[in-house]
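Heads up, the thing below is written out as structure tokens.
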Amino acid sequence: MAKTRNLLFEPCISDISFDFLEQSKLYSYQAKEYSERLHAVMSSDYFMKNISHHSIELGFCDEYDLLTTDQLPPLAEALNQLNQERNSQRNYDSEVLVSFQDLSRFLQLSYSITQRFDPALFIPPRRNIASGGGLYPIDVYVINQHIPDLPLGVFIYDLFTNKLKLIHAFKNREELKVALNRTLFAEQKNDIDYINASAFLVLGAELERSCFKYLDRGIRWAMLEAGEIVHAMYLASAGLELSTCAIGGFNDEALARLINFQNPSQITLLALALGK
């Protein structure tokens, strides 16, 4: 009889995959060059035209027109409307702040428990986001900048208890400003209104949760899951008339330290600005 193995404590991620994760990180010394590259692409009519009109060329083949989406059922019509209204908003109202109630609704609509654990049937908890193997390697963190009724600080969103748990408090607004510049390059970039954003969301992945079962392929599932959460956040933002914008350019190491990540298997995948 084969000896039982404890896969939770075995190395799961290969050195090559760790090399890829390391190479894809962004550091402070790279920020200027990285921003210049992005600006060169975004300001070029040639690049933007080709990007926006890209398609797979198949040559001659049979084609079939899809039917129209007229007279959708009510829920489908609501989804269609949200899809039309969702977008990235980079500028935020300096006079109108996201409230604590706004944030609560936003988090609950974006990422929540939809089915509790059933010990009789041994059905694990399910969420509104699909996850490979139901392992859910992504956690959501909130950096509060202007939301009333919350201290300036970094929180982890506990969707099981529906609470925000404070993991780091800033002494004052100046310390918060330094942290945002160190992690999100807030003073080095002008593509997003960092000053007036009410809060920032961070999607952090604990890759071992997925990779202990799927090995290196679990990294794919974690990245896909982060994309699902971001899309849900955009839909929630549209439904609540909030403004959000995904942030891909950040200091990986500094942002990981800010949310108390300490292991190589813990990585930050994306950040988002949230405002009105």
Side-chain angles (χ1 to χ4, degrees), residues 17 20-21 24 37-91 105-115 123-138 140 159 191-192 201 203 205 207 209-211 213-249 269-274:
S17 291
F20 160 73
L21 295 173
S24 64
R37 182 184 182 87
L38 295 180
H39 178 72
V41 173
M42 299 298 292
S43 61
S44 167
D45 292 338
Y46 171 77
F47 285 135
M48 294 308 296
K49 181 178 179 180
N50 280 274
I51 291 171
S52 62
H53 291 85
H54 72 278
S55 61
I56 297 176
E57 297 294 336
L58 296 178
F60 294 103
C61 62
D62 293 337
E63 298 179 343
Y64 301 88
D65 292 329
L66 295 175
L67 302 179
T68 62
T69 56
D70 297 336
Q71 298 180 339
L72 291 170
L75 284 177
E77 181 56 43
L79 176 60
N80 183 51
Q81 184 177 350
L82 288 176
N83 278 325
Q84 299 301 318
E85 295 182 3
R86 66 169 296 282
N87 58 14
S88 293
Q89 294 287 343
R90 290 172 167 80
N91 297 299
R105 290 172 173 171
F106 174 80
L107 290 171
Q108 291 162 11
L109 289 174
S110 301
Y111 199 32
S112 60
I113 301 293
T114 56
Q115 178 181 308
I123 297 176
R126 298 296 182 186
R127 310 181 190 184
N128 65 311
I129 298 299
S131 179
L135 300 173
Y136 304 106
I138 308 299
V140 177
L159 66 170
D191 57 329
I192 294 175
L201 289 302
L203 302 187
L207 296 177
R209 287 187 206 160
S210 182
C211 293
K213 179 178 180 180
Y214 296 112
L215 300 178
D216 287 346
R217 205 164 183 82
I219 298 173
R220 293 193 186 192
W221 309 148
M223 292 181 174
L224 286 170
E225 189 171 322
E228 295 168 14
I229 296 173
V230 170
H231 183 63
M233 286 180 169
Y234 268 81
L235 294 180
S237 176
L240 295 170
E241 297 184 344
L242 302 176
S243 298
T244 191
C245 184
I247 303 172
L269 290 177
L270 201 68
L272 295 92
L274 183 69

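On a predicted model such as this, the values are computed, not experimentally measured, just so you know.
Between Ala232 and Ile129, the shortest heavy-atom distance links the atoms CB-CD1, 4.0 Å. The minimum heavy-atom distance linking Cys245 with Arg90 is given by the pair SG-CG, 3.7 Å. Between Ala40 and Ser44, the shortest heavy-atom contact is O-CB, 3.4 Å. In this structure, Glu225 and Ser131 approach most closely via the heavy-atom pair OE1-OG, 2.6 Å. Contact between Leu269 and Ala226 at its shortest, heavy atoms only, is CD1-CB, 3.7 Å. For Leu272 against Ile247, the heavy-atom pair with the smallest separation is C-CD1, 4.1 Å.
Not a single donor-acceptor pair under 3.5 Å links the side chain of Asn80 to the backbone N or O of Ala76. Of the possible polar contacts, one joining the Thr114 side chain to the Arg126 backbone as a donor-acceptor pair under 3.5 Å is found. A donor-acceptor pair under 3.5 Å links the side-chain atoms of Glu228 to the main chain of Ala130, judged by distance alone. Thr244 places no side-chain N or O within donor-acceptor distance of the main-chain N or O of Leu274, the cut-off being under 3.5 Å.
Atom CD1 of residue Ile51 and atom CE of residue Met42 lie 7.5 Å apart, to the nearest 0.5 angstrom. Here the straight-line distance linking atom OG of Ser110 with atom CG of Leu240 works out to 8.0 Å at 0.5 Å rounding. Rounding to the nearest 0.5 Å gives a distance of 10.0 Å between CZ of Arg220 and OG of Ser17. We find the CG-OG distance between Asn87 and Ser237 to be 8.0 Å, quoted to the nearest 0.5 Å. For the atom pair CZ of Phe20 and CD1 of Ile219, the computed distance is 7.5 Å after rounding to the nearest 0.5 Å. In this structure, CG in Leu79 is found 9.0 Å from CG in Leu72, a value given to the nearest 0.5 Å.
At a threshold of 4.5 Å between non-hydrogen side-chain atoms, the residues Phe106 and Leu201 count as touching. A heavy-atom distance below 4.5 Å is not found between the side chains of Arg105 and Leu242. In this structure, the side chains of Leu159 and Val140 stay at 4.5 Å or more apart for every pair of heavy atoms.
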Discussion item. Under the criterion side chain to side chain contact (heavy atoms under 4.5 Å, CB included), I'd like the reasoning laid out for Leu207 against Leu21: C-alpha separation, chi angles, the key distance, then a yes or no.
Written reply: CA-CA 11 Å; Leu207 296 177; Leu21 295 173; 3.5 Å; yes
Practice prompt. List the steps, then state whether side chain to side chain contact (heavy atoms under 4.5 Å, CB included) holds for Leu135 with Trp221.
Written response: CA-CA 10 Å; Leu135 300 173; Trp221 309 148; over 6 Å; no
Practice prompt. Please step through side chain to side chain contact (heavy atoms under 4.5 Å, CB included) for the pair Asn83 and His231, ending with a clear verdict.
Written response: CA-CA 10 Å; Asn83 278 325; His231 183 63; 4.0 Å; yes
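By the 6.0 Å contact criterion, CE on Met48 is enclosed, its count of non-hydrogen atoms from other residues, nucleotides or ligands being greater than 12. Within a 6.0 Å radius of CG in Asp45, no more than 12 heavy atoms belonging to other residues, nucleotides or ligands are found.
Residues Arg127 and Tyr111 bring a donor and an acceptor atom of their side chains to less than 3.5 Å of each other.
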